[in-house]
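Order of the sequence lines fixes the chain letters, A, B, ..., with proteins taken first and strands second; residue numbering starts at 1 for each chain. What's counted below: heavy atoms across the whole structure, side chains too, no hydrogens, waters or symmetry copies.
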Amino acid sequence: MRRDPVLDVRHLHKSFVLHAVSDRRVAAFSDISFQLTVGEHVALAGMSGAGKSSLLKSIYRTYRADSGEVWLQIHASEYVNMCSLSDAEVSAIRGHEIGYVSQFLRPEPRRGALEIVARSARQRGMSVEDAREAAAAALSRVGIEERLWDVYASVLSGGEKQRVNLAAGTVHPPRLLLLDEPLSALDPDNRERALALIASLTKRGVAVLSIFHDMEAIQRLASRVLVLEKGRLVAEQSPKDLDERLTSAAR
Amino acid sequence: MTNMVEYGRYPVARLAVPEWMLRVEKLGKVYGAHDDEVIASTGPESGTSKSSLNGSIVAAWDVSFEVAAGEALGLVGESGSGKTTVLRCLAGDLSPSVGNARLRTSRGEVAMFDLDSAERRLLRIDTLAVVYQDPAEGLKMNVSAGGNIAEPLTAAGWRSFGKIRARASDLLTRTEVPINRMDDLVRGFSGGMKQRVQIAKALANSPSVVLFDEPTTGLDASVAAGVLDLIRSLLEEHRIAAIVVSHDFSVIEMLTSRCLVMQHGRVVESALTDQLLEDPHHPYTQRLVAAARA
Amino acid sequence: MTTINELIDISPSDELLDEFAKREIRRAILSAVAIPGYQVPFGSREMPVARGWGSGGLQVTLAVVHATDCVKVIDQGDDDGVNAVNLRRLITSSTGASETSVAAEATIVQSRHRIPEDGLDDKSILVLQVPVPEPLRGVERDMRELARMHAEADYSRMWVSLYEDKVRNGLITQTTGYPCHVNGRYVVATTPIPRWDIPRLHDSSFLTLFGAGREKRIYAIPPRTEVKPLTFDDVPFEVERADGARCSLCNSDDAFLVSLPNSPVWMCSDTDWCRRRRELTR
């Protein structure tokens with residue numbers, strides 16, 4: 001029995017109009033369609049500039065797509081089209097049904113890591129005490145030691161910030177999680193921890209759509225790879241067939 | 001391609017969106033005589049708020065939005081955009097020319113612009129508070145920090161000196177003003193500290209709506225960061241519906257989830273804050289964001 | 001064209017206030033009594049006493065006095081002060097009313113500083129001379145804003161100044177002119193009486209009229225009116241007290257006492273009361 005998709009992207013188009021440059025139109029991607037089901041981890045691959053990040057952001061509504069639909073499952077067999085939701089509605093489901101973990105953490109200057117992750121948990125409905133506990137567990141999982149929990153996040157290293165970001169995004173995981181290069185600044189040990197964490201998510205049924213420039217990460221985590229080239233979805237492959245060039249880190 | 005299951009139509013879920021706390025409909029403020037033609041002669045297309053027909057200034061026109069509890073809405077634009085005019089109309093410092101503003105209070109829905117000045121003042125005591133760019137506008141400089149907070153408390157009927165003092169020191173602690181300065185005149189405080197006292201005073205009677213007008217403009221960067229941080233956590237803690245007016249995108253980014261861009265008195269774009277910063281559509285917004293990112 | 005000499009030559013009539021003036025002042029008094037604590041503006045006339053010396057109290061007295069009245073005038077509680085003597089003479093000579101120093105005999109008592117210790121009843125009118133009728137003067141200067149504050153019963157700035165006073169001095173230090181809430185509505189300045197006399201205004205048997213000549217305001221506290229000194233619930237209103245002080249003349253310690261500067265000697269402020277006390281104990 002085929003399960004209902006968690007995410008169904010249909011004929012999604014996105015371009016930018018640069019008014020300062022005589023209204024020039026620049027396409028980010030066009031006519032993208034694909035689906036994701038429960039517990040499936042799909043990775044996007046392609047040269048830089050192919051449109052991977054733009055696609056993720058368009059799903060999350062950080063970019064407004066020009067046309068197409070992004071159906072997201074909210075309850076069992078009930079859906080919303082992200083493209084047609086109002087801003088307030090998108091605000092309401094971000095962090096709850098759909099989550100986004102970018103590679104950057106722009107922390108508030110004087111919040112500690114524990115507080116950042118706990119707040120994420122509270123936003124998803126946890127009580128203050130439960131949120132704190134879950135945050136502590138999440139931080140331990142990504143290898144952030146307790147002595148760093150109350151340190152202002154702005155003084156953490158790049159890798160530490162990235163791990164805090166990952167912890168905040170996964171502490172109470174939403175139905176669909178979008179990951180945009182979440183391992184780029186991590187050393188081997190911490191990368192290992194993060195990979196284990198992400199793998200556990202799919203086991204819990206979280207649908208994940210990710211971008212890694214790390215071939216090994218894709219092969220360990222993803223069950224399918226969607227290849228983008230110049231904004232178009234050109235191939236769908238099994239991770240082990242993936243051409244290394246497509247995970248080039250060149251930016 | 002894996003066989004994609006073709007779904008004809010998905011059953012659409014109804015999303016539970018938090019109800020609005022403040023709802024503004026077609027707010028307008030014009031200085032001088034106006035009719036449809038005068039209005040049409042101003043705005044982004046004309047490149048001015050001042051009508052070429054009769055010199056009237058359309059400071060704000062056709063501004064509509066909603067803010068829910070726990071949500072912060074940004075109003076961004078350059079000076080002259082009308083954002084401060086909108087805030088002052090909601091604060092009661094200016095009377096609008098047209099439009100409605102409805103507020104949900106414990107006493108039911110209130111049509112703000114239909115109230116007389118005494119009723120507006122009562123609203124300012126316990127429902128709607130304002131934090132001004134210039135602390136001298138929101139505070140009495142020759143009164144102590146505690147005394148400034150005592151004002152809204154006594155206006156709300158607090159009559160116990162001990163309780164007033166306890167509440168004032170609690171608020172000052174939350175806004176990180178040293179308690180040993182509670183009895184010092186506010187005049188002697190630094191800019192950042194004055195803003196903190198203003199915020200403490202604004203929160204005195206637990207308002208459900210707070211308006212912030214350029215809350216950190218004029219403060220040093222590190223001081224501003226601390227104040228913004230404080231505002232953000234207080235808004236979240238108390239589930240306040242907030243409107244943040246600023247020309248500074250970093251303030252908008254820090255505090256708000258949605259925002260409106262204003263130019264020459266009109267709203268030119270309305271979007272989620274992260275979308276506005278990463279995918280601005282209107283030419284003016286693109287210029288503003290590009291300048292901010294430079 | 002009128003010349004300076006002609007102006008000097010204008011001889012005053014026997015009456016200090018003409019009938020039109022009296023009528024206007026009486027209307028103002030009636031308004032004041034009808035709205036306890038509300039400051040009624042009135043057209044303050046030229047009086048033979050300079051502004052700041054009781055011209056307002058004098059006009060109020062002249063508007064209500066009749067030849068059948070008996071008038072007592074005190075200054076600091078003393079009938080024999082120069083000012084009191086002057087005013088009493090002006091009133092009685094222009095109206096034919098009789099005079100007394102015994103409060104119980106008087107139907108009208110005009111005072112600059114005290115309420116007599118006893119003797120006032122429901123037939124008495126107390127007229128107080130008020131230098132500054134506006135209780136909010138210390139916290140606001142703008143006339144329109146003052147009018148708004150009274151109109152909207154917005155006294156929060158008054159409360160702030162009481163808070164600041166308590167914080168700075170440990171207690172609320174205002175001695176004369178202590179602000180009071182009248183009839184649950186208006187806040188008044190109780191100048192010129194000391195704190196000691198304030199409880200006597202509450203639920204009194206007599207009518208109190210306040211006249212401010214220079215500021216051109218009249219206000220009133222009718223009999224049986226609630227008068228509450230403004231203070232915090234947990235800061236009790238205290239009257240002046242000097243421990244162990246007794247009047248050196250009549251030995252009482254339950255009247256308002258005053259002393260000469262740098263002197264340990266206390267005496268009753270109300271001289272008439274003191275005299276009668278001494279007569280009783282002789």
When the 4.5 angstrom heavy-atom criterion is applied to B:His282 and chain A, the contacting part is backbone
Is B:Gln286 in contact with chain A via its backbone, its side chain, both, or neither, using a 4.5 Å heavy-atom distance? side chain
For chain B, the option from A:Arg94, A:Lys57, A:His75, A:Arg122 that forms the most heavy-atom pairs under 4.5 Å: A:Arg94
Considering residues, nucleotides and ligands other than A:Arg132, do more than 12 of their heavy atoms fall under 6.0 Å from its CZ? no
With a 4.5 angstrom heavy-atom cut-off, could you sort out which part of B:Arg258 is near chain A: side chain, backbone, both or neither? side chain
Residue selection (most heavy-atom pairs with chain B, distance under 4.5 Å) from A:Ala88, A:Ala20, A:Ser86, A:Ala92: A:Ala88
Closest contact, heavy atoms only, B:Asp229 versus A:Arg111: O-NH2, 3.7 Å
Among B:Glu253, B:Glu236, B:Glu71, B:Arg287, which has the most heavy-atom pairs under 4.5 Å with chain A? B:Glu236
Residue pairs passing the salt bridge (charged side-chain N to carboxylate O under 4.0 Å, His left out) test where at least one lies in residues 73-92 of chain A, sequence neighbours excluded: A:Arg61-A:Asp87, A:Arg64-A:Asp87
Counting only heavy atoms closer than 4.5 Å, note whether B:Ala16 contacts chain A via side chain, backbone, both or neither. backbone
What heavy-atom pair brings B:Ala13 and A:Ile74 nearest, and what distance separates the two atoms? CB-CB, 4.2 Å
The reported gap from CG in A:Asp4 to OH in B:Tyr10 (rounded to nearest 0.5 angstrom) is 7.5 Å
Identify which of B:Leu276, B:Asp274, B:Leu277 forms the greatest number of heavy-atom pairs closer than 4.5 Å to chain A. B:Asp274
Select, from B:Leu272, B:Val17, B:Leu15, the one with the greatest count of heavy-atom pairs under 4.5 Å involving chain A. B:Leu272
For A:Phe16 and B:Glu278 the tightest heavy-atom approach is CE2-O, 4.5 Å
Heavy-atom contact with chain A under 4.5 Å, split by part of B:Ser222: neither
Counting neighbours of CD on B:Glu19 that are heavy atoms of other residues, nucleotides or ligands and sit closer than 6.0 Å, is the number greater than 12? no
Just verifying a value: how many Å separate A:His19 NE2 and B:Tyr284 OH, rounded to the nearest 0.5 Å? 14.5 Å
For B:Glu66, which atoms come within 4.5 Å of any heavy atom of chain A: side chain, backbone, both, or neither? neither
Test of understanding: with ring-ring contact (aromatic ring centres under 6.0 Å, His included), list the residues that count as partners of A:Tyr100, not counting sequence neighbours. A:Tyr60
